[in-house]
Amino acid sequence: MNDKQDRPSLPDPASDEGIPVSVRIRERLKAAERRFNANDNIAEFIEPGELEAMLDEVTEKMEAVLQSMVIDTQGDHNTASTARRVAKMYINEVFQGRYVTPPSITEFPNAEHLNELMLVGPITVRSACSHHLCPVIGKLWIGIMPNKGTNVIGLSKYARLAEWVMGRPQIQEEAVIQLANLIEQKTRPDGLAVVMEATHFCMAWRGVKDLDSRMINSVMRGVFLKDMSLRREFLALLPRSTN
């Protein structure tokens, strides 16, 4: 008797057929012992075509959410495509910073040995709180104190980096630190300062419904921590509302 013929056929472990794309991505992250919190970028673990599959999966689950809220998406023409629109908004727009690689940044040497304070801003930022997925809208300012070894990047690139970091569900305190880490890595300055001022719709739209409250926080690195006169100069250059 042929043992191979009597042996039951086993499923191919390499086959992903029938496994949701979110499960496949999550398993890769776990195998690599990588964190996948709301404000983490996971682009390197997403294979070609999987974002489109994720879009389909989120659409299906969002449709179930609407059904559970007793919204007639079949009979109501206003919500017939809402599940798909919400899925596209989350994956392709407001949370895109989780799923795409960082923007390409061209770095130039500091050929002129610039060593004076440079301030960039206000840069408009759009994010969302990870507690309620409500919008966080505001502005930020970046102060750079270069040295002869500092990399110089284009002004628009600061906005690109901010957009990439802010395009994730998160809390403002962590977002500013992430952005500061990224800019410091890219430019290697003597000092770095980041100030962000934002309205949180988890306070304005729900909860206490306070439309006037804002959150302002800052990150100071290098000489901005040691040189109080430089720090005061930077803060003095900001609009009065952030002082």
Side-chain angles (χ1 to χ4, degrees), residues 9-68 73 79-108 123-137 151 153-171 174-187:
S9 60
L10 297 175
D12 180 5
S15 174
D16 287 335
E17 187 176 352
I19 301 176
V21 64
S22 62
V23 174
R24 299 200 300 265
I25 297 170
R26 189 178 293 111
E27 289 305 312
R28 287 183 211 128
L29 287 156
K30 289 180 178 178
E33 298 183 343
R34 285 285 297 273
R35 199 182 75 166
F36 49 99
N37 287 358
N39 63 343
D40 289 325
N41 179 272
I42 59 172
E44 64 181 288
F45 295 92
I46 300 175
E47 296 180 355
E50 287 188 332
L51 271 185
E52 290 77 9
M54 187 188 297
L55 186 60
D56 292 336
E57 183 179 335
V58 173
T59 298
E60 181 179 348
K61 292 181 178 179
M62 187 55 62
E63 178 68 28
V65 169
L66 295 172
Q67 294 294 332
S68 294
T73 58
T79 57
S81 301
T82 294
R84 188 67 173 185
R85 285 193 291 265
V86 171
K88 290 172 69 176
M89 177 187 70
Y90 281 150
I91 293 173
N92 297 338
E93 297 179 273
V94 295
F95 299 156
Q96 188 185 52
R98 297 197 75 234
Y99 307 115
V100 299
T101 56
S104 177
I105 302 295
T106 303
E107 302 165 11
F108 304 95
I123 297 171
T124 300
V125 291
R126 302 167 184 85
S127 191
C129 78
S130 48
H131 299 151
H132 296 94
L133 301 186
C134 286
V136 175
I137 309 293
N151 289 331
I153 64 176
L155 293 180
S156 66
K157 304 307 181 185
Y158 290 100
R160 294 292 185 191
L161 291 173
E163 181 182 36
W164 184 68
V165 169
M166 295 296 165
R168 310 166 195 180
Q170 57 201 320
I171 62 173
E174 293 179 356
V176 172
I177 292 172
Q178 277 195 336
L179 180 59
N181 290 343
L182 183 60
I183 294 173
E184 196 170 34
Q185 174 192 343
K186 293 287 184 183
T187 61

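Atoms OG1 and CD1, from Thr124 and Ile137 in turn, are 9.0 Å apart once rounded to the nearest 0.5 Å. Taken to the nearest 0.5 Å, the CG atom of Leu155 stands 9.0 Å off from the CD1 atom of Ile123. Here the straight-line distance linking atom CD1 of Ile183 with atom NZ of Lys157 works out to 14.0 Å at 0.5 Å rounding. Atom CG of Asp40 and atom CZ of Arg98 lie 7.0 Å apart (nearest 0.5 Å). Ile153 CD1 to Thr187 OG1: the interatomic distance, rounded to the nearest 0.5 Å, is 6.5 Å. For the atom pair OG1 of Thr82 and CZ of Arg85, the computed distance is 4.0 Å after rounding to the nearest 0.5 Å.
Side-chain contact between Val94 and Arg126: absent, with no pair of heavy atoms (C-beta onward) separated by less than 4.5 Å. With a 4.5 Å cut-off on side-chain heavy atoms, Glu27 and Ile19 do not count as touching. Annotation: side chain of Ile25 is not in contact with side chain of Phe36 (no heavy-atom distance under 4.5 Å). Residues Tyr99 and Asn92 form no side-chain contact, since every pair of their non-hydrogen atoms from C-beta on lies 4.5 Å or further apart. Residues Gln178 and Arg168 form a side-chain contact, since some pair of their non-hydrogen atoms from C-beta on lies under 4.5 Å apart.
Applying the side chain to side chain donor-acceptor pair (under 3.5 Å) rule to Glu184 yields the partners Arg221; only residues at least two apart in sequence or on another chain are considered. Applying the side chain to side chain donor-acceptor pair (under 3.5 Å) rule to Asn37 yields no partners; only residues at least two apart in sequence or on another chain are considered. Considering only residues two or more places apart in sequence or on other chains, Ser81 meets the side chain to side chain donor-acceptor pair (under 3.5 Å) condition with none of them. For Glu57, the side chain to side chain donor-acceptor pair (under 3.5 Å) partners two or more places apart in sequence, or in a different chain, are Ser22, Lys61. With sequence neighbours left out, the ring-ring contact (aromatic ring centres under 6.0 Å, His included) criterion links Tyr90 to Phe95. For Arg84, the salt bridge (charged side-chain N to carboxylate O under 4.0 Å, His left out) partners are Asp56, not counting sequence neighbours.
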Verdict with reasoning, Glu47 to Arg28, per salt bridge (Lys or Arg N to Asp or Glu O under 4.0 Å): CA-CA 11 Å; Glu47 296 180 355; Arg28 287 183 211 128; 3.5 Å; yes
Intermediate values then yes/no, side chain to side chain contact (heavy atoms under 4.5 Å, CB included), Val165 and Leu161: CA-CA 6 Å; Val165 169; Leu161 291 173; 5.6 Å; no
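Around the CD atom of Glu60, the shell of radius 6.0 Å holds no more than 12 heavy atoms that belong to other residues, nucleotides or ligands.
With hydrogens and angles disregarded, no donor-acceptor distance shorter than 3.5 Å links the side chain of Asn41 to the backbone of Thr101.
The two residues Ser130 and Ala38 make their nearest non-hydrogen contact at CB-CB, 4.2 Å. Across all non-hydrogen atoms, the minimal contact from Ala87 to Val58 is CB-CG1, 3.7 Å. Across all non-hydrogen atoms, the minimal contact from Val100 to Trp164 is O-NE1, 3.0 Å. Closest non-hydrogen pair, Ala162 versus Val125, comes out as CB-CG1, 4.3 Å.
Salt-bridge check for Glu44 with Arg34: passed, with a basic side-chain N closer than 4.0 Å to an acidic carboxylate O. At a threshold of 4.0 Å, the pair Arg160-Glu163 counts as salt-bridged, since one of the basic side-chain nitrogens sits closer than that to a carboxylate oxygen.
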